Amino acid sequence: MDLAIPDNVLVDQGKAEGNDADMEDFRHHVDEISTKVDKLEQTLNEVEQFYSTTGKKQLNTSKGTSVAKDKDKHIANFKKRQQDASLREAAATKRMQELMRQFGTILRQITQHKWAGPFMQPVDVVGLGLHDYYEVIEKPMDFTTIKSKMEAKDGSAYKNVREMCADVRLIFKNAMKYNEERDDVHVMAKTLLAKFEEKWLQLLPKVDEEFLQEKRRKEEEAEAQIDMQLAQEAAHAKMARDLSDELDEVDLYLEELREMVLQKCRRMTTEEKRRLGTALTRLSPDDLQKALLIVAENNPGFQATAEEVDLDIDAQSESTLWRLKFFVKEALQVQGKSAASTGDTNHNNDNNKRKREICDALAKTSQKRSKKLP
């Protein structure tokens, strides 16, 4: 951020004591800095929003510094883990396809058995008159359904061979559960289940190894996410610190400007004070309240929101008077444009009452001052 004041402005401010145009230059320059401050604050709000949406508090100074120093490290780790994860995922996909192929071989061996016929299609509940079937069997299963899920391309497809194994077992266990032990279907299901389990045991070591690989892959993915989160935190922590430093710099600069303005302010003449008091009475109720708040900034004892306000123009500091003057000038210009465009000069009754009270207070103060004059 470039906070330098143009040299010609500083020179003019030093030479043109009491010049309203120079004071306007100061005011516009302050407005420019204030706009920059607003933008910085918006960025800070974005940083705060990051921490609120991620459910984390802002990092304290020590932790923030530590994380920021490791920013590049976290980013590098995250990228490397991303690359490794892609390679592992490709390898895992290849291994899973091989497991599926081997499991398919087992299925073909089981389904080609002479007793596999009753289990190939869904149970014909209606045709066989099995009225209580769905009361006994919670999840029907058959080999045709398994084959359809193996070939599916959507969310219904099997994710791994363990799911396929569970459904094959379900086919035979359903049959054994619904049919009594002496029934042929029960005996056939029990025999085929034993054959399946024997073949499954041969494949199980590879399945277990794949399970462990998948577990490690998920753990590494979680670690990669942590690295990404830490990198984001580091970036936002640095952004917050940089913005905070810039805000401190701007605040310091504004304070310097304020001191310069105070030094350059000439004393207002009695006539200028009178005109200022008159101009205050022409303000809208809202602007009048803002003007009173300006007075209150440098006068803690002044009650800007009190029921009755006693504003002594002569008792105000020169900086307050000049701030009031510039505020009143701009407010009346805006007020005039608004009145010209709308033609509406009526105000709220309550606001008018407030305005009359303040105007009366100004008039009383002016009368008191006049009586004290010799």
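Everything quoted here is computed from the prediction, not taken from an experiment.
Heavy atoms from other residues, nucleotides or ligands lying under 6.0 Å from CD of Gln333 number more than 12. More than 12 non-hydrogen atoms from other residues, nucleotides or ligands lie less than 6.0 angstrom from CG of Asp124. Around CD of Glu151, the count of heavy atoms belonging to other residues, nucleotides or ligands within 6.0 Å exceeds 12. In the displayed structure, Glu271 atom CD is contacted under 6.0 Å by more than 12 heavy atoms of other residues, nucleotides or ligands.
Residue Val187 belongs to no hydrophobic cluster, having no ILVMFWY side-chain heavy atom closer than 4.5 Å to its own. Through chains of ILVMFWY side-chain contacts below 4.5 Å, Leu128 is grouped with Val123, Val125, Leu130, Tyr133, Tyr134, Val136, Ile137, Tyr178.
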Residue pair Arg323, Glu297: steps toward the salt bridge (Lys or Arg N to Asp or Glu O under 4.0 Å) verdict: CA-CA 11 Å; Arg323 287 183 64 194; Glu297 285 183 17; 2.8 Å; yes
Test side chain to side chain contact (heavy atoms under 4.5 Å, CB included) applied to Ile171 and Leu192, step by step: CA-CA 10 Å; Ile171 293 174; Leu192 289 178; over 6 Å; no
Residue pair Asp154, Ser156: steps toward the side chain to side chain donor-acceptor pair (under 3.5 Å) verdict: CA-CA 5 Å; Asp154 55 18; Ser156 64; 2.5 Å; yes
Stepwise side chain to side chain contact (heavy atoms under 4.5 Å, CB included) check, Gln109 with Thr105: CA-CA 6 Å; Gln109 293 174 349; Thr105 300; 3.9 Å; yes
Full working for side chain to side chain contact (heavy atoms under 4.5 Å, CB included) between Phe326 and Ile294: CA-CA 11 Å; Phe326 291 125; Ile294 291 176; over 6 Å; no
Full working for side chain to side chain contact (heavy atoms under 4.5 Å, CB included) between Phe103 and Val207: CA-CA 10 Å; Phe103 191 86; Val207 175; over 6 Å; no
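The line from CG of Leu283 to OG1 of Thr281 is 8.0 Å long, rounded to the nearest 0.5 Å. For the atom pair Leu293 CG and Phe327 CZ, the distance stands at 9.0 Å (nearest 0.5 Å). Gln289 CD to Ser284 OG: the interatomic distance, rounded to the nearest 0.5 Å, is 10.5 Å. Note that CE of Met100 and CE of Met150 are 6.5 Å apart. Values are rounded to the nearest 0.5 Å. Phe119 CZ to His113 NE2: the interatomic distance, rounded to the nearest 0.5 Å, is 10.5 Å.
A donor-acceptor contact shorter than 3.5 Å links the side chain of Gln335 to the backbone of Arg282. In this structure a side-chain-to-backbone donor-acceptor pair under 3.5 Å is missing from Asp132 to Glu135. A donor-acceptor pair is defined here as one N or O able to donate and one able to accept, closer than 3.5 Å; such a pair exists between the side chain of Asp183 and the backbone of Glu180.
Between Lys149 and Glu163, none of the side-chain N atoms (NZ, or NE/NH1/NH2) sits under 4.0 Å from a carboxylate O, so this pair counts as no salt bridge. Between Arg274 and Asp314 there is no salt bridge, since none of the side-chain N atoms of the basic residue sits less than 4.0 Å from a carboxylate O of the acidic one. A salt bridge links Asp167 to Lys139: one of the charged nitrogens lies within less than 4.0 Å of a carboxylate oxygen. A salt bridge links Arg101 and Glu98; the closest N-O separation between the charged side-chain nitrogens and carboxylate oxygens is under 4.0 Å. Salt bridge Lys206/Glu210: absent, no basic N to carboxylate O contact under 4.0 Å.
Cluster annotation: Met164 is connected to Leu204 through the hydrophobic network of ILVMFWY side chains, with a link wherever side-chain heavy atoms come within less than 4.5 Å. Hydrophobic clustering of Ile, Leu, Val, Met, Phe, Trp and Tyr side chains at less than 4.5 Å, counting indirect connections, unites Leu107 with Met120.
Nearest heavy atoms, Leu324 versus Ala291: CD2-O, 3.4 Å.
Using a 4.5 Å heavy-atom cutoff, the side chains of Leu203 and Ile106 are in contact.
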